[in-house]
Amino acid sequence: MAQHLNIPPANDADRRDPAPGELELVRQLVNTIDWEDGSEELPTPAALRDWLAQRGLLAPGEPVSEADLRLALEVREALRSLLLAHNGAEADPEAIDTLNSAALAGPVLVRFGHDAAGTLAPAGSGVPAALGVLLGIVFRSMSDGSFERLKACPAHDCMWAFYDQSRNRSKQWCTMEVCGNRAKARSYRERRRSD
């Protein structure tokens, strides 16, 4: 990307796998809400501005509106929908429409530096441009095959984004110890009731 991106270390590394390189920024955006305890990391425009600025996606003093916040949250949930589809859910056409609209609002362009290397750079500014950069990261990771490994946990009270580092790309749960065991126990109870 054109600007210097800052990828903070994952604060959840104890149980969830970070994504490689800049794709970690996408994983971090999706995980700005914790569905299990209901905590929202982006409750206000100021919180969104600070989150984007900390990662080098937005200037620290850049104004952020309520409409910008709504757009960012819509993009976050549309990305989560794609990650759930990587884990067997149906792709949501509305999520695709949301991402296409965001890409139009914050387009990225190919730019060449003095070293003759090409990169994607935002064509505008503000939150739409920051989201455009994140969507550019998604596109690049689709091209190199890493995006398919970014998944969302299918547990409805979790839906945490994680990077599937398993050899055969078969990891389903963010953690087997928590979400996987809950699903197995629920399945077992349902089978017992039907006997």
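Numbering starts at 1 and runs along the sequence shown.
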Contact between [X] and [Y] at the side-chain level, heavy atoms closer than 4.5 Å - yes or no?
| X | Y | result |
| --- | --- | --- |
| Arg55 | Leu5 | no |
| Val108 | Phe139 | no |
| Trp160 | Lys151 | no |
| Phe162 | Asn87 | yes |
| Leu120 | Arg140 | yes |
| Leu58 | Ser125 | no |
| Pro20 | Tyr163 | yes |
| Met159 | Cys153 | no |

Contacts of type side-chain hydrogen bond (donor to acceptor under 3.5 Å, both in side chains), residue [X], not counting sequence neighbours:
| X | result |
| --- | --- |
| Glu148 | Arg169 |
| Ser146 | Asp144 |
| Ser39 | Asp37 |

List in chain and number order the residues that pass side-chain contact (heavy atoms from CB on, under 4.5 Å) with [X], two or more places apart in sequence or in another chain; answer none if no residue qualifies.
| X | result |
| --- | --- |
| Ala59 | Glu62 |
| Ser101 | none |
| Ile96 | Leu82, Asn100 |
| Ala102 | Leu71, Val75, Leu135 |

Inter-residue atom distance [X].[atom1] - [Y].[atom2], 0.5 Å rounding:
| X | Y | atom1 | atom2 | answer |
| --- | --- | --- | --- | --- |
| Leu42 | Leu52 | CG | CG | 7.5 Å |
| Leu150 | Leu83 | CG | CG | 4.5 Å |
| Thr119 | Asp115 | OG1 | CG | 9.5 Å |
| Thr98 | Leu73 | OG1 | CG | 12.0 Å |
| Arg27 | Ile137 | CZ | CD1 | 13.5 Å |

Check for me, please, whether Leu84 and Leu23 land in the same ILVMFWY cluster - side-chain distances under 4.5 Å, paths through other members count.
no

Does one hydrophobic cluster hold both Val64 and Ile33, with members joined at side-chain heavy-atom distances below 4.5 Å?
no

Which heavy atom in Pro128 sits nearest to a heavy atom in Ala105, and how many Å separate them?
CB-O, 3.4 Å

Might you point out which heavy atoms bring Asp68 and Leu48 nearest each other, and give the distance in Å?
O-CD2, 3.8 Å

Other residues, nucleotides, ligands: >12 heavy atoms within 6.0 Å of Glu94 CD
no

Scan residues 71-91 for pairs that pass salt bridge (charged side-chain N to carboxylate O under 4.0 Å, His left out), counting only residues two or more places apart or in two chains.
Glu40-Arg76, Glu77-Arg80

Determine yes or no for a side-chain-to-main-chain donor-acceptor pair under 3.5 angstrom, with [X] supplying the side chain and [Y] the backbone.
| X | Y | value |
| --- | --- | --- |
| Glu24 | Ala19 | yes |
| Asn31 | Ala161 | yes |
| Gln54 | Ile7 | no |

Pair listing, ring-ring contact (aromatic ring centres under 6.0 Å, His included) test, anchored in [range], at least two apart:
| range | result |
| --- | --- |
| residues 35-56 | none |
| residues 63-84 | none |
| residues 91-118 | none |
| residues 60-88 | His86-Phe147 |

Starting from the C-alpha separation in whole Å, work towards a yes-or-no answer on side-chain contact (heavy atoms from CB on, under 4.5 Å) for Met142 and Val138.
CA-CA 6 Å; Met142 286 175 168; Val138 168; 3.9 Å; yes

